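A note on names: the letters A, B, ... follow the listed sequences, proteins ahead of strands, and every chain is numbered from 1. If you're wondering where the values come from, they're calculated on a predicted model, not measured in any experiment. Scope of the values below: all heavy atoms of this structure, side chains included, with no hydrogens, waters or symmetry mates.
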Amino acid sequence: DAKTTQPTSMDCAEGRAANLPCNHSTISGNEYVYWYRQIHSQGPQYIIHGLKNNETNEMASLIITEDRKSSTLILPHATLRDTAVYYCIADNTGNQFYFGTGTSLTVIP
Amino acid sequence: GAVVSQHPSWVICKSGTSVKIECRSLDFQATTMFWYRQFPKQSLMLMATSNEGSKATYEQGVEKDKFLINHASLTLSTLTVTSAHPEDSSFYICSARDQGTHSPLHFGNGTRLTVT
């Protein structure tokens, strides 16, 4: 699996868009990018994933650069309940995921 | 959507005893499940891959005789922490994948183990 790097922490004002970056410069052509978040003392929650096209679902949007070396998770209107640790994972095995350190997002009222 | 259920959500046990944690896929079958461990303020660390009907595959540094994994059916995997010690106190999380090679992993809500 390609290594991913994310900022350790970020703040976002409530109601504004939260843009969480992820660098995966060594990603291979068949590796997908997955995003999860973990609220304190809970299991990780799946958010979104993609290969090369931008993706959107009811939770978020995923923007993947054309060279696929980085991606951005966008929470369009952050709420206090979006405060969590967000993990970006690149994987092609379809099996186990290895988690990095993630980004601790704090949504500020 | 795919749901993974974990039980118990928390457990306290005495040093030297064994604890069993169950992980169930509620609305799908999972030939493979994954067990993670998470210490406070750290990320999730993969412990082992649980394979239905065969032996689990353990990550380097994880003692297979201490963390017994059984995957007897397509919807149930169990992790038994044997002869638990205080340093085994942690947050244990299981996950499984619904059909499809690149479908996402779905995670249980974790089990908080405290060994006294």
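Between A:Y86 and A:I47, some side-chain heavy-atom pair lies under the 4.5 Å cut-off. Side-chain contact between A:M10 and A:L20 is present, with at least one heavy-atom pair separated by less than 4.5 Å.
Of the inter-residue distances, the one linking B:R24 atom CZ with B:T75 atom OG1 reads 6.5 Å to the nearest 0.5 angstrom.
In this structure, chain A has no heavy atom under 4.5 Å from any part of B:Q6. When heavy atoms are compared at a cutoff of 4.5 Å, B:L105 approaches chain A by way of both its backbone and its side chain. Interface remark: A:Q45 contributes no atoms to any contact with chain B (heavy atom separation under 4.5 Å).
Within the structure, the side-chain hydrogen bond (donor to acceptor under 3.5 Å, both in side chains) test picks out the following pairs touching residues 28-37 of chain B (sequence neighbours left out): B:W35-B:S77.
The side-chain hydrogen bond (donor to acceptor under 3.5 Å, both in side chains) check on B:E52 picks up nothing, with sequence neighbours excluded.
Using a 30° and 60° split on the angle between ring planes, B:F107 and A:F99 fall in the perpendicular class, above 60°.
In terms of modelled atom types and a separation under 3.5 Å, the side chain of A:K52 and the main chain of A:E66 share no donor-acceptor contact.
Between chain B and the options A:Y87, A:Y46, A:Y32, heavy-atom pairs under 4.5 Å are most frequent for A:Y32.
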Cut-off 3.5 Å, no hydrogens considered: what does the side-chain donor-acceptor table look like for residues 102-109 of chain A, sequence neighbours left out?
from: A:T103; atom 1: OG1; to: A:P7; atom 2: O; distance (Å): 2.6

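Within residues 87-95 of chain B, the residues having any heavy atom closer than 4.5 Å to a heavy atom of chain A are B:F91, B:I93, listed by residue number.
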